[in-house]
Amino acid sequence: MVADDEFDWESLKAVAEEAMTHAYAPYSHFSVGAAATVEDGRVVSGCNVENAAYGVALCAECGLVSQLHITGGGRLTHFVCVNTDREIIMPCGRCRQLLYENGGPSLLLMTVSGVKRMDEVLPDAFGPDDLT
Ligand code: THU
């Protein structure tokens, strides 16, 4: 776990909670909201969007990453996601990969066990540097 900084995690979690209320999750009934800050101070968010073809469900992080790019790109610096009960949850394996791509190893995540760096949540990650 990394030392806590002055970052306002509660405000970012509130953005994730609001995003969660927009989830489309008629199959799992498990709504998820995700929120992140960008290095320039922007805040981006997303909610999960399920599909009758269960396997093509979009995680909340997918929408968040899309909003990141639509609004100008840049690096994510802080991230949190919550479930229907507004509890913090861990990003799934695939979404850890999405977050690594867009936040890099130093992205800070509020997790079920405190603030952690991306490279703790996805150690020895395959990433952009492997393709150079
Ligand atoms: N889900 C997310 O949105 N993000 C995650 O990181 C974990 C899982 C969604 C996908 C699906 O709609 C529901 O949670 C149940 O798995």
Side-chain angles (χ1 to χ4, degrees):
M1 194 191 302
V2 291
D4 207 2
D5 57 14
E6 297 302 307
F7 185 75
D8 185 358
W9 285 104
E10 278 308 310
S11 293
L12 190 62
K13 182 168 178 275
V15 175
E17 291 175 3
E18 201 284 326
M20 178 273 293
T21 68
H22 299 282
Y24 175 72
Y27 306 107
S28 72
H29 304 290
F30 189 84
S31 295
V32 178
T37 52
V38 188
E39 57 198 342
D40 64 2
R42 270 156 47 232
V43 175
V44 291
S45 61
C47 62
N48 57 333
V49 179
E50 297 184 346
N51 193 285
Y54 295 169
V56 299
L58 301 175
C59 284
E61 292 87 338
C62 299
L64 181 152
V65 167
S66 183
Q67 192 184 19
L68 168 70
H69 288 277
I70 287 170
T71 58
R75 306 287 280 177
L76 301 176
T77 60
H78 297 75
F79 171 88
V80 64
C81 59
V82 299
N83 66 15
T84 314
D85 295 327
R86 299 167 187 262
E87 299 163 336
I88 288 168
I89 61 167
M90 297 304 291
C92 75
R94 190 191 70 137
C95 290
R96 294 180 197 203
Q97 191 72 36
L98 293 182
L99 293 170
Y100 187 87
E101 181 79 20
N102 291 282
S106 63
L107 169 64
L108 294 178
L109 300 90
M110 179 55 77
T111 78
V112 294
S113 49
V115 179
K116 289 187 173 172
R117 281 172 55 103
M118 190 68 232
D119 52 10
E120 291 179 89
V121 173
L122 189 66
D124 300 325
F126 179 86
D129 290 347
D130 291 298
L131 298 179
T132 56

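The analysis underlying the following values was restricted to heavy atoms, covering all of them including side chains, and did not include hydrogens, waters or symmetry mates.
Ion pairing between a basic and an acidic side chain is recognised when a charged N comes within 4.0 Å of a carboxylate O; Arg86 and Glu17 show such pairing.
Of all the heavy atoms in Asp130 and Ala125, the pair that sits closest is OD2-O, 3.7 Å. Here the closest non-hydrogen pair linking Pro128 and Tyr100 is CD-CE2, 4.2 Å. Heavy-atom minimum distance, Ala16 versus Ala35: N-CB, 3.6 Å. Contact detail for Ala23 and Asn48: the closest heavy-atom pair is CB-OD1, 3.0 Å. Across Ala19 and Gly46, no two heavy atoms sit closer than the pair CB-O, 3.5 Å.
A distance of 8.0 Å separates CG of Asp119 from OG of Ser106, quoted to the nearest 0.5 Å. With values rounded to the nearest 0.5 angstrom, Phe7 atom CZ is found 6.0 Å from Thr77 atom OG1. Note: Arg96 CZ to Glu61 CD = 10.0 Å, rounded to the nearest 0.5 Å. Note that CD of Glu120 is 9.0 Å distant from CG of Leu108, once rounded to the nearest 0.5 Å. Leu76 CG to Glu101 CD: the interatomic distance, rounded to the nearest 0.5 Å, is 11.0 Å. For the atom pair SG (Cys62) and CZ (Arg94), the distance works out to 4.0 Å, reported to the nearest 0.5 Å.
Cluster annotation: Ile88 is not connected to Phe30 through the hydrophobic network of ILVMFWY side chains, with a link wherever side-chain heavy atoms come within less than 4.5 Å. A continuous path of hydrophobic side-chain contacts links Phe79 to Val112 [ILVMFWY only; heavy atoms under 4.5 Å]. No continuous path of hydrophobic side-chain contacts links Val44 to Val49 [ILVMFWY only; heavy atoms under 4.5 Å]. Neither Ile89 nor Val82 shares a network with the other; the hydrophobic side chains, linked directly or stepwise wherever heavy atoms of I, L, V, M, F, W or Y lie under 4.5 Å apart, form separate groups for each. Linking Ile, Leu, Val, Met, Phe, Trp and Tyr whenever their side-chain heavy atoms come within less than 4.5 Å puts Leu68 and Met118 in one cluster.
The backbone N or O of Ser31 sits less than 3.5 Å from a side-chain atom of Thr84, completing a donor-acceptor pair. Side-chain atoms of Gln97 come within 3.5 Å of backbone atoms of Phe126 as a donor-acceptor pair (strictly under, hydrogens ignored). Under a 3.5 Å cut-off, the side chain of Arg75 and the backbone N or O of Leu107 do not form any donor-acceptor pair. Looking at Asp40, its side chain does come within 3.5 Å of a backbone N or O of Arg42 through a donor-acceptor pair.
Taking the six-membered ring where tryptophan is involved, the planes of Tyr54 and Tyr27 are tilted, since the angle between them lies from 30° to 60°.
In summary, of the residues considered (Val80, Leu122, Leu99), a side chain to side chain contact (heavy atoms under 4.5 Å, CB included) with Leu109 occurs for Leu99 alone.
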Could you walk me through whether His78 and Val115 pass the side-chain contact (heavy atoms from CB on, under 4.5 Å) check? CA-CA 9 Å; His78 297 75; Val115 179; over 6 Å; no
Side chain to side chain donor-acceptor pair (under 3.5 Å) for Ser28 and Glu50? Distances and angles first, verdict last. CA-CA 8 Å; Ser28 72; Glu50 297 184 346; 2.5 Å; yes
